[in-house]
Amino acid sequence: MPGTLLLLGRLTGVLIAGPSLLANLKTLYTIYIGYLGTPLQKASRLSTVAAMATDILILVMNTEFFLDNNWAPYSASVVAVNLLKRAHSVTVVYVTVVRFRAVNRGRTSVLFRRQWPVYVYMGLYLLLSAAAVVCQLYAYVSTGWVSSLARVSDTFQVYRVLTFVLAFQYILLGVAADLQFMLFARTSAIHEAAFRQIRVFHNHLQYLCYEIVVFVGFGVSVVWGVINPLDVTAFTWVEQLVLSLMMLNGVSLIQVLSTESSLGEGNSLDLSRASSGGRSDVQNWIPASSMTVRS
């Protein structure tokens with residue numbers, strides 16, 4: 001009979017899948033509000049659909065666990081969830097980078113004028129993601145796909161730590177972007193107009209609080225899992241909700257910052273200064289023809 005903590009971890013998966021799926025549905029709707037088929041919009045749409053598939057898998061596998069504690073495909077399903085998370089999280093993280101640079105566009109720091117910081121940031125994320133996938137997969141394969149044995153292995157402990165580092169990497173940037181956006185809304189006419197617009201369909205502050213609270217819960221579950229590796233498994237599911245909230249906030253913010261109306265009548269803004277390629281990160285959301293600023 002599974003322990004109480006293990007049962008609570010599985011129950012967490014069931015309870016989190018619903019809110020995560022709803023957040024992803026809202027993200028998909030937000031993408032289609034101004035959908036023009038740009039590469040970033042297409043990637044965001046595909047990532048959101050993959051996230052929804054992950055939510056459904058989490059719900060099904062954990063529900064099945066309560067119906068049959070010895071359900072054979074469970075271990076393989078856990079690995080599949082991690083693979084899906086790491087795959088769709090790449091777009092989430094890139095959207096977070098775009099969100100951060102969009103809020104800070106026009107600033108003269110090399111971090112915002114050049115593309116190499118983006119390449120370094122994304123390269124580091126991809127490297128750590130690959131390491132996390134390999135560690136988890138090795139933990140299960142080396143123990144014959146016995147979940148209880150895999151969770152107490154040293155390799156799985158490394159996987160836990162890498163998962164936390166990955167989440168910390170993107171949550172820190174996302175929260176910084178949101179806080180800057182709300183701060184700039186008090187001093188910048190452009191950000192103030194965007195802030196007024198986003199409130200029409202998205203409570204940005206509320207979802208920022210959700211991000212922080214869920215991330216704290218995720219961090220607690222990781223630390224607790226290191227202390228009690230056999231029974232604490234909730235972090236796997238909680239990170240999925242963190243990613244869903246990150247994507248929703250990111251897409252919503254980029255949406256208002258990339259529309260012509262959010263720039264306001266009579267304002268001029270050199271959008272090309274945000275990147276060395278002549279197009280700002282936020283312009284990747286919609287075609288250049290739609291980014292004309294009225295004088």
Side-chain angles (χ1 to χ4, degrees), residues 1-25 50-89 92 129 132-133 135-167 171 210-211 213-247:
M1 181 67 183
T4 303
L5 287 177
L6 184 60
L7 289 173
L8 287 175
R10 302 292 192 254
L11 181 61
T12 300
V14 175
L15 296 177
I16 277 179
S20 181
L21 184 60
L22 289 175
N24 285 315
L25 284 170
M52 293 167 65
T54 308
D55 294 328
I56 294 171
L57 178 57
I58 290 173
L59 178 61
V60 170
M61 63 185 285
N62 284 292
T63 301
E64 188 65 35
F65 175 83
F66 284 102
L67 299 176
D68 179 9
N69 294 337
N70 297 314
W71 188 53
Y74 192 86
S75 294
S77 298
V78 173
V79 174
V81 165
N82 185 52
L83 287 171
L84 282 169
K85 274 196 312 178
R86 296 278 67 88
H88 78 75
S89 70
V92 177
S129 293
V133 168
C135 285
Q136 188 200 33
L137 187 59
Y138 179 81
Y140 275 93
V141 172
S142 62
T143 55
W145 294 92
V146 179
S147 184
S148 58
L149 295 177
R151 291 196 302 273
V152 298
S153 66
D154 292 338
T155 309
F156 198 88
Q157 295 292 68
V158 175
Y159 158 69
R160 291 177 192 267
V161 174
L162 286 174
T163 302
F164 178 79
V165 172
L166 286 165
I171 192 73
Y210 287 162
E211 280 182 7
V213 170
V214 175
F215 177 75
V216 170
F218 166 75
V220 170
S221 66
V222 171
V223 174
W224 198 359
V226 172
I227 298 172
N228 186 354
L230 181 61
D231 293 329
V232 179
T233 61
F235 77 97
T236 301
W237 330 121
V238 178
E239 191 198 9
Q240 172 65 14
L241 181 56
V242 175
L243 287 167
S244 299
L245 292 172
M246 289 286 295
M247 189 63 164

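Positions are given from 1, in the same order as the sequence printed here. Given the structure is predicted, the values throughout are model-derived calculations rather than measurements.
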For Phe156 against Ala150, the heavy-atom pair lying closest together: CB-O, 3.1 Å
Nearest atoms (heavy-atom pairs only) where Ser142 meets Ala139: OG-O, 3.3 Å
Nearest-0.5 Å distance that lies between atom [atom1] in [X] and atom [atom2] in [Y]:
X: Gln157; Y: Arg160; atom1: CD; atom2: CZ; value: 5.0 Å
X: Arg151; Y: Thr143; atom1: CZ; atom2: OG1; value: 10.0 Å
X: Asn62; Y: Trp71; atom1: CG; atom2: CH2; value: 9.0 Å
X: Leu137; Y: Leu83; atom1: CG; atom2: CG; value: 7.0 Å
X: Leu21; Y: Ile16; atom1: CG; atom2: CD1; value: 13.0 Å
X: Ser147; Y: Phe65; atom1: OG; atom2: CZ; value: 8.5 Å

So for atom [atom1], which belongs to [X], do other residues, nucleotides or ligands contribute more than 12 heavy atoms lying within a distance under 6.0 Å?
X: Trp224; atom1: CH2; value: no
X: Asp68; atom1: CG; value: yes
X: Tyr138; atom1: OH; value: no

Test side-chain contact (heavy atoms from CB on, under 4.5 Å) applied to Leu84 - qualifying residues, sequence neighbours left out: Thr54, Leu57
Which residues share a side-chain contact (heavy atoms from CB on, under 4.5 Å) with Tyr210, sequence neighbours left out: Gln206, Tyr207, Leu245
Close side-chain approach of [X] to [Y], heavy-atom, < 4.5 Å:
X: Phe66; Y: Arg10; answer: yes
X: Val81; Y: Thr236; answer: yes
X: Leu162; Y: Cys135; answer: yes
X: Val78; Y: Gln136; answer: yes

For Ser20, all residues meeting side-chain hydrogen bond (donor to acceptor under 3.5 Å, both in side chains), sequence neighbours excluded: Asp55, Ser244
Give a yes or no on whether the backbone of [Y] and the side-chain of [X] come within a donor-acceptor separation of less than 3.5 Å.
X: Glu211; Y: Ile171; result: no
X: Trp237; Y: Gly9; result: yes
X: Gln240; Y: Ala17; result: no

Arg86: partners by salt bridge (Lys or Arg N to Asp or Glu O under 4.0 Å), with sequence neighbours left out: Glu239
Please list, one pair per line, the donor and acceptor atoms closer than 3.5 Å that link side chains of residues 214-222 to other protein atoms, with sequence neighbours excluded.
from, atom 1, to, atom 2, distance (Å)
Ser221, OG, Gly217, O, 3.4
Ser221, OG, Phe218, O, 2.6

Ring pair (Phe, Tyr, Trp, His ring centres under 6.0 Å) involving Phe235 - partner list, sequence neighbours excluded: Tyr159
